[in-house]
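Here the structure comes first, spelled out in structure tokens, and everything after it is commentary.
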Amino acid sequence: MAGVVALALTTIFYACLFPFHDYAIRAVFMDRGPTQYVTVLLGFWCVVSLLVKGNKLRVQRKALRYQVVPENHDFVLSSQTADQLIRNIHAIADLPEKFIVYNRILIAVANLKNLGRVSDVDDILRSIGERDESSQQTSFGTLAGFIWAIPVLGFIGTVLGLAQAIGRFSGLLDSQSDVSSIVSSLKDVTGGLSTAFETTLVALVIALLVQLWITAQRKAEEEFLDDCHEYCLKQIVSRIRILPYEQQRDL
């Protein structure tokens with residue numbers, strides 16, 4: 001979906017540039033070879049993906065605003081009260097499994113009846129947290145590939161532009177013998193040089209802006225995962241108590 005939206009934005013972008021025949025910005029994006037089109041497409045693809053990730057993160061953060069454990073200080077989380085906690089979570093969210101923090105709690109509480117120690121619940125929460133961190137790192141894989149590809153496209157445009165400039169200059173020397181004629185015809189050669197440098201410039205600027213955005217998004221997601229871990233410690237681990245008959249059963 002992000003790719004489809006990026007393709008639509010790229011089409012709109014070039015459609016807006018098309019009427020500006022006498023402006024330099026039109027020449028930069030439309031007269032510098034095919035690599036510019038792909039670079040802009042990948043840039044928009046990164047932007048759309050980051051906007052989606054940012055929106056998902058805002059929705060996920062809303063889950064941290066609610067108390068899943070009753071505010072009553074006498075409440076003790078045990079195998080007997082686990083069902084009450086699960087009902088509270090389902091009352092807060094229609095699909096709690098879609099929320100990272102609620103999914104951690106549901107998995108841990110669902111296994112509470114089979115556990116004998118608070119540290120076991122903590123181990124489960126840590127294990128799920130490590131899995132979430134791994135998934136978070138993997139989610140940036142496609143964006144990392146685009147960040148690598150965008151500058152490479154710029155360098156390819158540079159090579160194409162230099163090859164074009166050298167080819168035109170060689171043809172100019174073969175066809176012109178007068179120095180004044182060569183000087184007046186150098187405008188055709190500079191077109192290739194413009195392609196060489198402007199393709200790299202555009203690619204590097206896009207890559208820089210997207211990389212800064214990715215860094216900020218990655219930091220925000222890592223902070224969110226840390227907040228989820230702290231939330232689980234305060235809401236779940238600190239409220240668990242093992243009932244006497246459960247201790248005897250474990251013995």
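Taken from CG in Leu7 to CZ in Phe44, the straight-line distance is 11.0 Å, to the nearest 0.5 Å. Between the OG1 atom in Thr35 and the OH atom in Tyr37 there is a gap of 10.0 Å [rounded to 0.5 Å]. Atom CG in Leu143 sits 15.5 Å away from atom CH2 in Trp148 (nearest 0.5 Å). Once rounded to the nearest 0.5 Å, the distance linking CD1 of Ile214 with CG of Leu50 reads 5.5 Å. Here the CZ atom belonging to Phe146 is positioned 13.0 Å from the CD1 atom belonging to Ile206, to the nearest 0.5 angstrom. From Ile147, atom CD1 reaches atom OG1 of Thr142 across 12.0 Å, with rounding to the nearest 0.5 Å.
One N or O on the side chain of Tyr102 and one on the backbone of Ala63 form a donor-acceptor pair closer than 3.5 Å. Under a 3.5 Å cut-off, the side chain of Thr10 and the backbone N or O of Ala6 do form a donor-acceptor pair. Not one N or O on the side chain of Ser127 forms a donor-acceptor pair closer than 3.5 Å with the backbone of Asp123.
Taking the ring axis of Phe140 as reference, the NZ or CZ atom of Lys53 stays within 45° of it and closer than 6.0 Å to the ring centre.
With hydrogens and angles left out, the side-chain atoms of Glu221 and Gln217 include a donor and acceptor closer than 3.5 Å. For the residue pair Gln235 / Gln67, a side-chain donor-acceptor distance below 3.5 Å is found, with atom types taken as modelled. No donor-acceptor contact under 3.5 angstrom links the side chains of Gln136 and Arg218, judged on distance only.
Pairing each heavy atom of Ala93 with each of Pro96, the nearest pair is O-CD, 3.5 Å. The two atoms that bring Ala220 and Leu57 nearest to each other are CB-CD2, 3.6 Å, heavy atoms only. Of all heavy-atom pairs spanning Ala203 and Thr39, the tightest one is CA-CG2, 4.0 Å. Between Val210 and Cys46, the shortest heavy-atom distance links the atoms CG1-CB, 3.6 Å. Closest approach of Ile105 to Cys232, counting heavy atoms only: CG1-SG, 4.1 Å. Scanning both residues, Thr199 and Gln36, for their nearest heavy atoms gives CA-OE1, 3.5 Å.
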Exercise. Stepwise, does the side-chain contact (heavy atoms from CB on, under 4.5 Å) test hold for Val40 with Leu9?
Worked result: CA-CA 9 Å; Val40 172; Leu9 291 176; over 6 Å; no

Problem set entry | Worked verdict on Ile92 versus Val68 for side-chain contact (heavy atoms from CB on, under 4.5 Å) | CA-CA 8 Å; Ile92 295 173; Val68 296; 3.9 Å; yes

For this session: Step by step, work out the side-chain contact (heavy atoms from CB on, under 4.5 Å) result for Arg58 and Lys62.
Result: CA-CA 7 Å; Arg58 284 191 293 272; Lys62 292 182 179 179; 5.8 Å; no

Name every donor-acceptor pair, under 3.5 Å, that has one atom in a side chain of residues 224-231 and the other anywhere in the protein, sequence neighbours excluded.
unit_1, atom_1, unit_2, atom_2, d
Asp227, OD2, Arg61, NH1, 3.1
Asp227, OD2, Arg61, NH2, 3.1
Glu230, OE2, Lys234, NZ, 3.1
Tyr231, OH, Tyr66, O, 2.5

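When side chains are defined from C-beta on, Asp132 does not count as touching Asn103, because their heavy atoms never get closer than 4.5 Å. Here the side chains of Arg126 and Arg104 are not in contact, with every heavy-atom distance at 4.5 Å or above.
No more than 12 heavy atoms of other residues, nucleotides or ligands shown are found within 6.0 angstrom of CG on Asp94.
Contacts of Val38 classified as side-chain contact (heavy atoms from CB on, under 4.5 Å), with partners at least two apart in sequence or in another chain: Leu42, Leu153.
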